[in-house]
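The figures that follow rest on heavy atoms only: side chains count, while hydrogens, waters and symmetry mates do not. We name chains A, B, ... by the order of the sequence lines, and we start the count at 1 in each one.
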Number of protein chains: 2
Amino acid sequence: MNSGVSQNFIRIPKATFRAHIVDGLRNAILSGEIPPGAQVIESSLAAQFGVSRGPLREAMRQLIDEGLLVTVPYTGTHVVDLSVSDVREIYSMRVNLEIFAFEQVWSRRDQSFHEGLRARHAALTRCIDAEDDVASIDAELQLHGFVYEATGHQILLKTWESIRGRLQLYWAAHHRAHGIRGPRREGHDSYVENALGDDFEAMRTEIKNHMARGGEQTEEFLLGSESNTATQSDLAAGGSK
Amino acid sequence: MNSGVSQNFIRIPKATFRAHIVDGLRNAILSGEIPPGAQVIESSLAAQFGVSRGPLREAMRQLIDEGLLVTVPYTGTHVVDLSVSDVREIYSMRVNLEIFAFEQVWSRRDQSFHEGLRARHAALTRCIDAEDDVASIDAELQLHGFVYEATGHQILLKTWESIRGRLQLYWAAHHRAHGIRGPRREGHDSYVENALGDDFEAMRTEIKNHMARGGEQTEEFLLGSESNTATQSDLAAGGSK
DNA sequence: CTGTGATTGATTGTTGACAATCGATCACCA
DNA sequence: TGGTGATCGATTGTCAACAATCAATCACAG
């Protein structure tokens, strides 16, 4: 189609404000700069980002779809504060999605899959050994995200991304609030070994165990303290249950 | 709170334009009033709905997130035109989600679940017997949607809703284009029997078969004609793969 | 002191106009 | 004739002002 230019170009890093603001705002939320439960005011943020309320409003709407913000018409918008049941749902969904992901990718695991997985595992291990919890969380998300990308399944990948934000928000928030340690080494070694092995059923149980470990750890803290901060998120869910 | 009025109210019949427009626009797309591939112009629709471009823009952005529209900055917005691989992904994801849904609901199936499922099955059967294909499609979506709602799993339900639109778009579009008949009776009888039975594994295979039937039928038409209309949707996916 | 109704400040919803960008068309030149 | 660059209409992106709504406050009657 086009003349034979040298390299394949990046697909349009289009300079649209909204995309840039989404990243910035999401980062501010996930980093805890804007903590869970805090109110987010359009006009303030607009001034802070140096743009009008229009683009910022659309960016916020996207983060609402991602489950990071909740809004009540004419009243206000807040950073989501996950409830116990929300976290349970996230973990059960993760187990399901990840097993499905391996089901999809299992027969397609090639050299680059092996290398990619091991590289991310190594990166995660380095972060853990350096006791950099923030980087560890990010590295773990990278590790799991790599599997979803490897499936080539767009809808699956998008679904993973739709819960990844909330998972990250939860990890980061409770890490800061309760001093929970980041990911540990042991769990991921067996995870990767099984992921690259030949026994799919073993991988299935590995995923369930892997997630269960994380789930237990977090539920302890949730139930230990009385931090059943379900108010905002329940309001947001549409008033069910 | 309020004086003792008669009935319990619906949660917020809030008069926000955007919500109303989303429904109207989505309906226009799913009904085929705006066919796949057609361009959607903000200013035109704004005039048609009698509102400004602001709210309409946000409504469109939501339909973009739902996968019904695709947009290119400064250029235009079109109704999505699903590719073969898109349909394959939708069906494989459906199988996974629905098995997970029954996994979640299996031990909680009570009287109201039985009645609700049978009621929707009866409604679907009536629509099929009446040879009302449009109503049949809707009734089938209601039947499956009931299962997702019964799980009480908010994230799962939201995920189902995120692919339901595209599924409906696909069914409706190819029903009109190729004259494919709507849902048939046979498939759903065994589906419901298994859903209310005691054998979970039987239900698992039932789901796979149920979806496989639908998948085959549609793939025939997709591959039979050269309608690999992947252009728009591939562009939209963000240029991956 | 208690409950009720008006007031007010804050925040989001909505609007119309203006700016930036894209794609196609068309003139022009080698 | 083929290709290159400018022009133009169409469409989306952005902005600042205005309207609608809500939640808290406060005065006031019982």
Count the heavy atoms belonging to other residues, nucleotides or ligands that lie under 6.0 Å from NE2 of H20(A), then report whether that count exceeds 12.
-> no
Using atom OH of Y74(A) as one end and atom C1' of dT12(C) as the other, report the distance to the nearest whole Å.
-> 7 Å
Measure from CZ on F17(A) to P on dT14(D) and round the result to the nearest Å.
-> 6 Å
Any side-chain donor paired with an acceptor under 3.5 Å for D133(A) and S136(A)?
-> no
Check: R108(B) side chain, T151(B) main-chain N or O, donor-acceptor pair, under 3.5 Å | yes
Please state how far atom CD in Q39(B) lies from atom P in dA24(C), giving the value in whole angstrom units.
-> 11 Å
Residue set satisfying salt bridge (charged side-chain N to carboxylate O under 4.0 Å, His left out) with E66(A), at least two apart, ordered chain then number -> R26(A)
From the list dG13(C), dC15(D), dC22(C), which nucleotide is the closest neighbour of the side chain of V51(A)?
-> dC15(D)
Mind checking G54(A) for me? I need base, sugar-phosphate or nothing, with any heavy atom below 4.0 Å counting as a touch.
-> nothing
Please list, by residue number, the residues of residues 40-50 of chain A whose heavy atoms come closer than 4.0 Å to an atom of DNA chain D; answer none if no residue qualifies.
-> none
R53(B) side chain: which of dT12(D), dG13(C), dG16(C) is closest?
-> dT12(D)
Interface residues of residues 55-64 of chain B with DNA chain C (non-hydrogen, below 4.0 angstrom) = P55(B)
Output all residues satisfying ring-ring contact (aromatic ring centres under 6.0 Å, His included) with F102(B), sequence neighbours left out; order by chain, then residue number.
-> none
By salt bridge (charged side-chain N to carboxylate O under 4.0 Å, His left out) - contacts of R94(A) (at least two apart) = none
Residue pairs passing the salt bridge (Lys or Arg N to Asp or Glu O under 4.0 Å) test with at least one member in residues 137-165 of chain A, sequence neighbours excluded, are none
Which of parallel (below 30°), tilted (30 to 60°) and perpendicular (above 60°) describes Y148(B) and W160(B)?
-> parallel
